Visitor: 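Attaching a single structure in structure tokens format; questions to follow.
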Amino acid sequence: MPADRVHLVRHGEVFNPNRVLYGRLPGYALSEDGRQMAEQAAAWIGGLERPLSALIVSPLQRAQESAQPFIDRFGLRATTDERVIEPTNVFEGKRMKRALMNPLNWRYLARPAVPSWGEPYAQVVARMDAAMTDAWGEADDGDVVVVSHQLPIWVTHLAVAGLPTQHDPRHRRCALSSVTSFERSADGWVEVDYVEPAATSGAIDVGAV
């Protein structure tokens, strides 16, 4: 039997005192508040009282650490999947406001629909869909948790809703440790829920691609 539901869980707050766009850079761990956010996300999933059969995780440190509460609470073994990783971005390691003031960087903004500064949205949607479909089909039953990142989760939401994937990154509905849930019908994915179980007031959330 395939899975009943796939939950896309964003990682918690990252320790990022320099407020750079960290992308796929190594060494960006959760902050203490971020660990608590991850705990709150796992507790919320547990409160659904739905069986979990699989835990799929991005290879990046912040996602791996956000998966730990699910391992501890549900006794699951995490499976790392490169397909749910953060996209590439030419501005990795930079503070965006400073980077955008440099005319040499303006060429990267030429095609926002692609986008020209990083991995194409269509490619992100395709790899997320493949990872979700495999996780759904390989599960014995119950639900699957996928710990990923803001942009992959948000463009998945847009694609499933039939909306354009081009968007303003400042207006994404994908808070730290949020949970976006999907079920699969004969016609494809259907989004069934979005919740923000973690307390994020005052959180630093400036490093997402």
Side-chain angles (χ1 to χ4, degrees), residues 8-31 33-34 37 56-66 80-133 146-178 180 182 189 191 194 196 200 202-209:
L8 301 186
V9 179
R10 190 183 171 201
H11 61 79
E13 181 191 58
V14 174
F15 182 68
N16 183 18
N18 294 325
R19 302 194 175 203
V20 302
L21 189 148
Y22 38 69
R24 295 185 180 183
L25 294 175
Y28 282 88
L30 294 183
S31 66
D33 286 345
M37 291 174 190
I56 311 299
V57 188
S58 158
L60 296 178
Q61 182 176 351
R62 57 191 179 272
Q64 295 283 324
E65 292 178 352
S66 295
T80 298
D81 192 331
E82 293 276 352
R83 294 175 295 182
V84 302
I85 197 173
E86 186 86 274
T88 57
N89 192 295
V90 297
F91 296 112
E92 277 185 359
K94 298 180 174 62
R95 295 187 67 162
M96 285 304 299
K97 287 184 179 179
R98 292 179 182 175
L100 295 179
M101 291 174 62
N102 185 346
L104 294 177
N105 290 328
W106 293 353
R107 66 187 186 276
Y108 298 123
L109 309 177
R111 295 181 295 157
V114 176
S116 48
W117 55 81
E119 183 180 5
Y121 293 139
Q123 182 172 306
V124 179
V125 169
R127 61 177 170 81
M128 286 293 290
D129 176 71
M132 292 168 64
T133 300
V146 179
V147 182
S148 185
H149 307 270
Q150 187 185 65
L151 188 143
I153 296 172
W154 180 239
V155 295
T156 297
H157 154 78
L158 293 174
V160 168
L163 299 172
T165 52
Q166 180 180 354
H167 64 279
D168 185 336
R170 297 169 296 180
H171 298 152
R172 293 172 184 159
R173 184 215 63 183
C174 189
L176 293 162
S177 290
S178 60
T180 309
F182 299 84
W189 294 109
E191 186 173 326
Y194 170 79
E196 298 179 4
T200 60
I204 297 174
D205 189 12
V206 296
V209 167

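Computed from a prediction, not measured in an experiment: that's the story for all the values here.
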Visitor: With E13, which residues qualify under salt bridge (Lys or Arg N to Asp or Glu O under 4.0 Å), at least two apart?
Guide: none

Visitor: Could you tell me if the side chain of T156 sits less than 4.5 Å from the side chain of M132, heavy atoms only?
Guide: yes

Visitor: What pairs with R24 under side-chain hydrogen bond (donor to acceptor under 3.5 Å, both in side chains), at least two apart in sequence or on another chain?
Guide: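 Partners of R24 under the side-chain hydrogen bond (donor to acceptor under 3.5 Å, both in side chains) test: none.
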
Visitor: Can you list everything that forms a side-chain hydrogen bond (donor to acceptor under 3.5 Å, both in side chains) with T80? Sequence neighbours excluded, please.
Guide: Q64

Visitor: Mind checking whether L100 and N105 have side chains closer than 4.5 Å, heavy atoms only?
Guide: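 No, their side chains stay 4.5 Å or more apart.
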
Visitor: I'd like to check S148 versus I153 (side-chain heavy atoms, cut-off strictly below 4.5 Å). Are they in contact?
Guide: yes

Visitor: What is the distance from atom CD of E92 to atom CG of L25, rounded to the nearest 0.5 Å?
Guide: 4.5 Å

Visitor: Classify the angle between the aromatic ring planes of F91 and Y108 as parallel (below 30°), tilted (30 to 60°) or perpendicular (above 60°).
Guide: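 The rings of F91 and Y108 stand perpendicular, inter-plane angle above 60°.
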
Visitor: Please set out all donor-acceptor pairs under 3.5 angstrom arising from side-chain atoms of residues 158-170, sequence neighbours excluded.
Guide:
from: H167; atom 1: ND1; to: T165; atom 2: O; distance (Å): 2.8
from: H167; atom 1: NE2; to: R172; atom 2: NE; distance (Å): 2.9
from: H167; atom 1: NE2; to: R172; atom 2: NH2; distance (Å): 3.3
from: D168; atom 1: OD1; to: R170; atom 2: N; distance (Å): 2.9
from: D168; atom 1: OD1; to: R170; atom 2: NE; distance (Å): 3.0
from: D168; atom 1: OD2; to: R170; atom 2: NE; distance (Å): 3.2
from: D168; atom 1: OD2; to: R170; atom 2: NH2; distance (Å): 2.8

Visitor: Taking all heavy atoms of P152 and all of E86, pick out the closest pair and write down the distance.
Guide: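 Where P152 meets E86 most closely, the heavy atoms are CD-OE1, 3.9 Å.
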
Visitor: Output the distance between atom CH2 (W154) and atom NE2 (H171), rounded to the nearest 0.5 Å.
Guide: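 If we round to the nearest 0.5 Å, W154:CH2 and H171:NE2 are 11.0 Å apart.
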
Visitor: Which atom names give the shortest non-hydrogen contact between L176 and M37, and what distance separates them?
Guide: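 In this case the closest contact between L176 and M37 is CB-SD, 3.8 Å.
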
Visitor: What heavy-atom pair brings A63 and V57 nearest, and what distance separates the two atoms?
Guide: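 It is O-CG1, 3.5 Å.
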
Visitor: Under the ring-ring contact (aromatic ring centres under 6.0 Å, His included) rule, collect the residues that match up with F182, sequence neighbours excluded.
Guide: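 For F182 there are no ring-ring contact (aromatic ring centres under 6.0 Å, His included) partners, ignoring immediate neighbours.
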
Visitor: What's the verdict on side chain to side chain contact (heavy atoms under 4.5 Å, CB included) for L30 and R62, showing C-alpha distance, side-chain angles and the deciding distance?
Guide: CA-CA 5 Å; L30 294 183; R62 57 191 179 272; 4.1 Å; yes

Visitor: Using the side-chain hydrogen bond (donor to acceptor under 3.5 Å, both in side chains) criterion, which residues pair with S58? Sequence neighbours excluded.
Guide: H149

Visitor: Please enumerate all residues that pass side chain to side chain contact (heavy atoms under 4.5 Å, CB included) together with A29, with sequence neighbours excluded.
Guide: Q61, E65

Visitor: Which distance, rounded to the nearest 0.5 Å, do you find between the CD1 of I85 and the CG of L151?
Guide: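 Rounded to the nearest 0.5 Å, the CD1-CG separation comes out at 13.0 Å.
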
Visitor: Could you pull out the closest heavy-atom pair between A131 and D81, with the gap in Å?
Guide: CB-OD2, 3.7 Å

Visitor: List the residues meeting side-chain hydrogen bond (donor to acceptor under 3.5 Å, both in side chains) with W189, not counting sequence neighbours, and say none if there are none.
Guide: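 Checked W189 against side-chain hydrogen bond (donor to acceptor under 3.5 Å, both in side chains); matches are D129.
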
Visitor: Got a sec, which residues hit salt bridge (Lys or Arg N to Asp or Glu O under 4.0 Å) with R127, two or more places apart in sequence or on another chain?
Guide: E119

Visitor: Nearest 0.5 Å, please: how far is NZ in K94 from CG in N89?
Guide: 9.5 Å

Visitor: Should we say atom CZ of R107 is surrounded by more than 12 heavy atoms from elsewhere, each under 6.0 Å from it?
Guide: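 Counting neighbours around CZ of R107, more than 12 heavy atoms of other residues, nucleotides or ligands fall under 6.0 Å, so yes.
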
Visitor: With sequence neighbours left out, write down each residue that passes side chain to side chain contact (heavy atoms under 4.5 Å, CB included) with N18, or none if nothing qualifies.
Guide: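 Per chain and number, N18 pairs via side chain to side chain contact (heavy atoms under 4.5 Å, CB included) with V20.
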
Visitor: Evaluate the side-chain proximity of H157 to Y194: yes if any heavy-atom separation is below 4.5 Å, no if none is.
Guide: no

Visitor: List for me each residue that meets salt bridge (Lys or Arg N to Asp or Glu O under 4.0 Å) alongside D33, sequence neighbours excluded, and say none if there are none.
Guide: none

Visitor: Mind checking whether Q150 and D205 have side chains closer than 4.5 Å, heavy atoms only?
Guide: yes

Visitor: Can you list everything that forms a salt bridge (Lys or Arg N to Asp or Glu O under 4.0 Å) with R173? Sequence neighbours excluded, please.
Guide: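 For R173 the salt bridge (Lys or Arg N to Asp or Glu O under 4.0 Å) partners, ignoring immediate neighbours, are E191.
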
